[in-house]
Amino acid sequence: MKGNYLKVVLFALGIFIVWVLFFGIRLMGYVDSIQRFGLERTACGTDSCSVPTMWLDVVWVAVMFVGPLLGALAWLIIWHVRRK
């Protein structure tokens with residue numbers, strides 16, 4: 001029983017490491033850009049945009065960065081539950 005949980009934890013750790021290598025480093029750059037230039041300039045660029053457009057851009061970026069991690073972990077949990 002412990003072996004199954006250990007296997008799932010190791011798979012989850014592997015998924016997280018791969019996610020950090022592919023997306024986490026870019027996410028840190030995005031956060032750094034927000035700290036340097038502000039949210040509006042980072043999301044809209046040098047041209048200004050409306051407030052709803054800016055927030056939709058921020059939500060889209062968050063989903064694109066965090067979505068693969070949550071999707072992979074959800075797949076891992078579903079796979080583990082079905083395997084039992």
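Note that this is a predicted model, so its numbers are computed, not measured. Residue numbers run from 1 in the order of the sequence given. We use all heavy atoms of the structure for the numbers below, so side chains are in, but hydrogens, waters and symmetry mates are not.
- What you find for E40 and M54 is that their closest heavy atoms are CA-SD, 3.4 Å.
- Here the side chains of W55 and L39 are in contact, with some heavy-atom distance below 4.5 Å.
- Remark: L56 engages no residue in a side chain to side chain contact (heavy atoms under 4.5 Å, CB included) (not counting sequence neighbours).
- A62 is linked by a side chain to side chain contact (heavy atoms under 4.5 Å, CB included) to nothing, counting only residues two or more places apart in sequence or in another chain.
- Across all their heavy atoms, L69 and I15 have their closest contact at CD1-CG2, 4.3 Å.
- Residues L27 and F22 fall within the same hydrophobic cluster, defined by Ile, Leu, Val, Met, Phe, Trp and Tyr side chains chained together at heavy-atom separations under 4.5 Å.
- Listed by chain and number, the hydrophobic cluster partners of I78 come to none, as no ILVMFWY side chain reaches under 4.5 Å of it.
- Residues V18 and F23 are members of one and the same hydrophobic cluster, defined by side-chain heavy-atom contacts under 4.5 angstrom among Ile, Leu, Val, Met, Phe, Trp and Tyr.
- A chain of hydrophobic side-chain contacts below 4.5 Å, direct or via other Ile, Leu, Val, Met, Phe, Trp or Tyr residues, connects F16 to W75.
- Aromatic ring orientation, Y5 versus H80: tilted (interplanar angle from 30° to 60°).
- For residues 28-83, the disulfide bond (SG atoms under 2.5 Å apart) pairs, not counting sequence neighbours, are C44-C49.
- Among residues two or more places apart in sequence or in another chain, the ring pair (Phe, Tyr, Trp, His ring centres under 6.0 Å) test is passed with F11 by W79.
- Under the 4.5 Å side-chain heavy-atom criterion for ILVMFWY residues, a single connected hydrophobic cluster contains both V61 and V20.
- The shortest heavy-atom contact between L73 and A12 is CD2-CB, 4.0 Å.
- Nearest heavy-atom pair, D57 versus A43, reported as atom, atom and distance to 0.1 Å: OD2-O, 3.5 Å.
- Annotation: side chain to side chain contact (heavy atoms under 4.5 Å, CB included) contacts of W60 (sequence neighbours excluded): M64.
- Residue L21 is found in a hydrophobic cluster whose other members, listed by chain and number, are L13, I17; membership requires side-chain heavy atoms under 4.5 Å apart, directly or through intermediates.
- Two different hydrophobic clusters hold M28 and V63 under the rule that ILVMFWY side chains link at heavy-atom gaps under 4.5 Å.
- V9 belongs to no multi-residue hydrophobic cluster, having no ILVMFWY side-chain contact under 4.5 Å with any other such residue.
- Note on residues 8-34: pairs passing side-chain hydrogen bond (donor to acceptor under 3.5 Å, both in side chains), not counting sequence neighbours, are D32-R36, S33-T42.
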